[in-house]
2 protein chains.
Amino acid sequence: MTYTLAEEDYLKAIYKIAERHGTPVSTSAISELMQTRPASVTDMLKKLADKELIDYKRYHGVSLTRTGARQATLLIRKHRLWECFLVEKLGFNWDEVHVIAEQLEHIQSDTLIDRLDDYLDNPKFDPHGDPIPDASGAYRMRYQILLSDLGLHQRAVLVGVREHTSSFLQYLDQNHLALGATLEVVEVLPYDGSVRLRLSDGEPFLISGQVARQLFVRQITEAT
Amino acid sequence: MTYTLAEEDYLKAIYKIAERHGTPVSTSAISELMQTRPASVTDMLKKLADKELIDYKRYHGVSLTRTGARQATLLIRKHRLWECFLVEKLGFNWDEVHVIAEQLEHIQSDTLIDRLDDYLDNPKFDPHGDPIPDASGAYRMRYQILLSDLGLHQRAVLVGVREHTSSFLQYLDQNHLALGATLEVVEVLPYDGSVRLRLSDGEPFLISGQVARQLFVRQITEAT
DNA sequence: GGTAGAATTTAGACGGGGCTAAAGTACAAA
DNA sequence: TTTGTACTTTAGCCCCGTCTAAATTCTACC
Ligand SMILES: [Mn+2]
Ligand SMILES: [Mn+2]
Ligand SMILES: [Mn+2]
Ligand SMILES: [Mn+2]
């Protein structure tokens with residue numbers, strides 16, 4: 001029941017694609033996310049199918065089996081817990097932790113991850129606002145809508161990001177857009193979906209529709 | 001300047017053998033420590049020599065180059081810092097940490113290890129009493145002699161272990177032999193080198209010569 | 001100085017994970 | 001219903017790190 005680093009990363013990739021775009025997951029989608037050639041993906045899919053971690057029909061994409069999905073969520077659990085550790089304990093910025101956690105997630109030790117979880121006080125969300133599965137693989141989705149779907153004058157709290165690239169996160173930092181920040185939609189430009197925002201006690205500023213579609217928020221229902 | 005997991009482990013093995021038995025280091029010694037076949041060692045030695053990490057003459061063993069030694073000490077630094085983290089922060093016992101650190105030591109990130117070092121308050125010794133090299137690879141040897149070389153009625157502090165196996169460390173735990181413990185030699189049995197010890201406010205008990213030769217102590221010079 | 005036995009290296013193989021080039025399949029559009 | 005094109009798989013190759021079996025070299029002892 002122990003898998004190689006490559007197998008784990010493929011399972012995680014399939015999981016993430018399925019989560020976002022549904023099932024079945026195509027060879028080319030995996031290829032793009034993993035930065036490998038489609039032929040390499042096909043090779044790996046055969047191996048994962050042999051181990052019954054995925055259901056695979058030639059030319060028709062794949063989906064994770066129960067075992068495969070469980071393995072993927074455990075890897076995600078480890079990834080996100082390590083990210084918490086790096087930010088909370090070692091003082092890393094949220095744009096620096098992904099690449100390191102990409103390595104740390106493969107450390108094999110159940111005890112280690114459980115103790116890390118306790119050490120961090122069993123966090124429910126990682127530094128990017130993503131939910132952390134518990135030891136059984138279960139997690140609850142965060143309530144969220146896209147910032148781009150907010151109406152004029154609505155207020156909301158930033159709870160997550162869709163993009164995880166360093167450059168995007170650094171852009172958010174520069175605009176003081178941190179998780180937990182309260183914001184209000186001051187203006188919506190219909191042509192390109194740009195949105196003018198105001199943070200608590202700050203000057204309004206503009207973000208592109210492109211950016212607005214990468215931000216998850218929880219709407220604040222006004223106390224009547 | 002980035003090396004594979006296998007290369008790193010070989011460099012570390014060569015370093016450790018050289019430290020204990022001097023140079024040159026034989027293929028069979030590496031083979032035994034690494035739990036691989038001699039033929040595999042020879043293969044790797046060629047690769048390491050090509051990368052100028054070792055000096056290698058066929059049939060005559062190897063020694064580390066300056067670069068190779070530096071790489072080895074950096075790996076040891078990482079290994080020992082992670083061991084500190086596991087014991088100090090996550091509450092692992094000293095007999096559980098080696099196998100996990102064996103994986104963690106290969107995580108590639110200079111920033112990570114420097115921050116970990118700071119987070120742990122720049123420890124100078126790991127949970128087994130072994131010195132931790134600084135970021136430049138330098139460390140100072142602990143002052144030590146073998147417990148088996150102590151004379152009758154001499155007092156000393158336990159500062160290190162030569163064996164790092166779980167079973168040995170657990171044996172020490174059972175006899176309350178922890179690092180920092182003060183002990184006195186109550187009796188030496190010349191036939192097999194067994195030693196009767198007394199810990200501070202404890203009953204005397206016997207350890208074999210075999211065990212006595214695995215323990216490093218710092219002698220206490222009586223205040224006159 | 002010659003030689004047996006131990007240590008070491010070479011030869012050839014394999015599984016894991018990647019690649020390119022070529023061939024096969026699916027599907028939408030004509 | 002046929003066909004063009006995009007997607008996917010196959011075929012064949014490579015590098016890494018390991019192995020076994022066979023050949024080579026060293027060395028200690030006669
Ligand atoms: Mn990974
Ligand atoms: Mn994250
Ligand atoms: Mn290791
Ligand atoms: Mn140690």
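To find a chain, count down the sequence lines: A is the first, B the second, and so on, and within it residues start at 1.
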Separation of atom [atom1] in [X] from atom [atom2] in [N], rounded to whole Å:
X	N	atom1	atom2	answer
D43(B)	dA21(D)	CG	C1'	14 Å
R58(B)	dT9(C)	CZ	P	8 Å
K46(B)	dC15(D)	NZ	P	15 Å

Q.
Between D117(A) and R77(A), does any NZ, NE, NH1 or NH2 come within less than 4.0 Å of an OD or OE carboxylate oxygen?
A.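 Counted as a salt bridge, because a side-chain N and a carboxylate O are separated by less than 4.0 Å.
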Q: In plain terms, say whether D149(B) and R213(B) are close enough for a salt bridge, that is, a side-chain N and a carboxylate O under 4.0 Å apart.
A: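 R213(B) and D149(B): not salt-bridged.
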Should [X] be listed as having a side-chain N or O under 4.0 Å from OP1 or OP2 of [N]?
X	N	value
Y10(A)	dG18(C)	yes
S40(A)	dC19(C)	yes
T27(A)	dT9(D)	yes
S28(B)	dA6(C)	no
Y56(A)	dT9(D)	yes
T4(A)	dG17(C)	yes

Q: Compare the minimum distances between each of dG17(C), dT9(D), dT8(C) and the side chain of S26(B), then state the nucleotide with the smallest one.
A: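 Among the listed nucleotides, the one closest to the side chain of S26(B) is dT8(C).
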**Q.** Check: H128(B) ring centre within less than 6.0 Å of H98(B) ring centre
**A.**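 Between H98(B) and H128(B), which both carry aromatic rings, the centre distance is not below 6.0 Å.
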Q. Which of parallel (below 30°), tilted (30 to 60°) and perpendicular (above 60°) describes F85(A) and Y119(A)?
A.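 Answer is tilted, since the angle falls between 30° and 60°.
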Q.
Between A39(A) and L5(A), which residue's closest nucleotide on DNA chain C lies nearer the 5′ terminus?
A.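 Of the two residues, L5(A) wins.
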